[in-house]
Number of protein chains: 2
Amino acid sequence: MTSSNPIVDALDAAGYRLTGPRRAVADLIAGYDGHFTAAELEAAAREHRVGVSRATLFRALELLTELHVVERLDLPGGEHAYVPCVRAHHHHLVCSRCGRVAEVEDCGLAEIVAEIARRSGYRIESHRLELFGLCRHCQAKAAPGA
Amino acid sequence: MTSSNPIVDALDAAGYRLTGPRRAVADLIAGYDGHFTAAELEAAAREHRVGVSRATLFRALELLTELHVVERLDLPGGEHAYVPCVRAHHHHLVCSRCGRVAEVEDCGLAEIVAEIARRSGYRIESHRLELFGLCRHCQAKAAPGA
DNA sequence: CTGACTATTGAGACCTGATCTCGACAAGCA
DNA sequence: TGCTTGTCGAGATCAGGTCTCAATAGTCAG
Ligand SMILES: [Zn+2]
Ligand SMILES: [Zn+2]
Ligand SMILES: [Zn+2]
Ligand SMILES: [Zn+2]
């Protein structure tokens, strides 16, 4: 298989060069279905013997964030994490135990935002909703007897 | 006037010592009605000739955040800012030009969150909604001819 | 009011996360 | 194949924040 990595595709479509480090980072990221930190990604790169310098890794994250194939999360504790992502506007539901992330569409939030704009007089340009909780799997593990 | 600073009151009510540095930080924070960064607060302290070390300043911010009289915001650009705050659960509407912050109550969000929980199977424990836009004042300045 | 007890402070080392600089390198194209 | 120029790596540097530990100062019992 010639990778068929959507992250690589996005890079290509946007006209960026498909370099070794970028492919490596894209492949590593595609392997996550929860969030990951820059440090974890760095460790994973080292473990897989792919040479990616710190600077390049952050450059790749920045680039992918601009292309909306990765998004940066602010966890409740204040840490930053990244999440592989679809391009459309949506929000994230993060399991605070295992880090698994579910994508959530707006489902009615837009109306609320409009109402807030009306009441406050602000012109609202963007919003961010982050939800934290326990995924089904972690609920089961957390309350085995209940 | 004996200050009557609600931040100081909160500290007192929670049983913390009312020290000089803490009062100074509380007074500085009470002076903001928009958000401020730790660096700005540090500069303000220096300017007002109140001696508060960096460590103490951050310790105070942490403490006040725990007491819910200050909240930490994650701005779209990734910077962290702090906002003087009321204790009840609510969200922030931030002017991306002048930094002015309006408090927004849930107004229907709880239902949406419940719906998301139902669909996803996650048990949602907390959420964070941040809204960014232009306040009325900055709208006027931004589009004077329109 | 005084002294003691302990929370709090300050100075500075340190840490993590991220950005910048700049010469070397290589992807993409003719 | 050979250029052109985008990208890379190494390491300095920065920002935001935490930690250590001896010194200081609230608070309160006496
Ligand atoms: Zn997403
Ligand atoms: Zn989970
Ligand atoms: Zn608030
Ligand atoms: Zn404004």
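In the text below, chain A, chain B and the rest are named by the order of the sequence lines, each starting its count at 1.
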Please report, rounded to the nearest Å, how far the P atom of C:dG12 is from the CG atom of B:L57. 17 Å
Taking all non-hydrogen atoms of both residues into account, name the closest pair between A:R136 and B:G121 and its distance. CG-O, 3.6 Å
What's the closest nucleotide to the side chain of B:Y82 if the choices are C:dG17, D:dT27, D:dG17? D:dG17
Sugar-phosphate, base or nothing in reach of B:R22, heavy atoms under 4.0 Å: sugar-phosphate
Could you tell me whether the side chain of A:R72 and the main chain of A:T65 form a donor-acceptor pair under 3.5 Å? no
Donor-acceptor pair, B:T56 side chain versus B:V52 backbone, under 3.5 Å? no
Expressed in angstrom and rounded to an integer, what is the separation of B:R23 atom CZ from C:dT8 atom P? 14 Å
Check whether any side-chain heavy atom of A:I7 sits under 4.5 Å from a side-chain heavy atom of A:L67, and report yes or no. no
Let me know the distance between CG of A:L73 and P of C:dG17, rounded to the nearest Å. 15 Å
What is the bend of the helix from C:dC1-D:dG30 to C:dA30-D:dT1 when you compare the axis at one end with the axis at the other, using five pairs each and rounding to 10°? 30°
Length of the CD-C1' vector between A:E62 and C:dC20, whole Å: 12 Å
Using a 4.5 Å cut-off on heavy atoms from C-beta on, say whether the side chain of A:I116 contacts that of A:H127. no
Rounded distance in Å - CG (A:D12) to P (D:dT7): 12 Å
Excluding B:V83, membership of its hydrophobic cluster (Ile, Leu, Val, Met, Phe, Trp, Tyr; side-chain heavy atoms within less than 4.5 Å) reads B:L73, B:L75, B:V94, B:V101, B:F132
Can you say whether the rings of B:H80 and A:H80 are parallel (under 30°), tilted (30 to 60°) or perpendicular (over 60°)? perpendicular
If only side-chain N and O atoms of A:Y16 are considered, is one of them under 4.0 Å from the OP1 or OP2 phosphate oxygen of D:dC8? no
Side chain to side chain contact (heavy atoms under 4.5 Å, CB included) test vs A:L11 passes for just one of A:V69, A:T19, A:L63, namely A:L63
Let me know the distance between CG of A:D74 and P of C:dG17, rounded to the nearest Å. 14 Å
Need to verify one output field. Residue with the more 5' nearest nucleotide on DNA chain C, B:P21 or B:A55? B:P21
Taking CZ from B:F58 and C1' from C:dC15, how many angstroms apart are they, rounded to a whole number? 13 Å
Measure from the ring center of B:H90 to the ring center of B:H68 and say whether it is less than 6.0 Å. no
Do any side-chain nitrogens or oxygens of B:R72 fall under 4.0 Å of OP1 or OP2 in D:dG16? no
A side-chain contact here means heavy atoms from C-beta on lying under 4.5 Å apart; do B:Q139 and B:R97 qualify? no
Determine whether any donor atom in the side chain of A:R54 lies under 3.5 Å from an acceptor atom in the base of C:dA18, or the reverse, and answer yes or no. yes
Polar side-chain contact B:R59-D:dG17 base: donor and acceptor under 3.5 Å: no
Sorted by number, residues from residues 37-52 of chain A placing a heavy atom under 4.0 Å from DNA chain C are A:A38, A:A39
Nearest nucleotide by nearest heavy atom, which residue falls closer to the 5' end of DNA chain C, B:R17 or B:T56? B:R17
Within this structure, what is the CD-to-P distance between B:E79 and C:dT19, rounded to whole angstrom? 11 Å
OP1 or OP2 of C:dT9 less than 4.0 angstrom from a side-chain nitrogen or oxygen of B:T19, does that happen here? yes
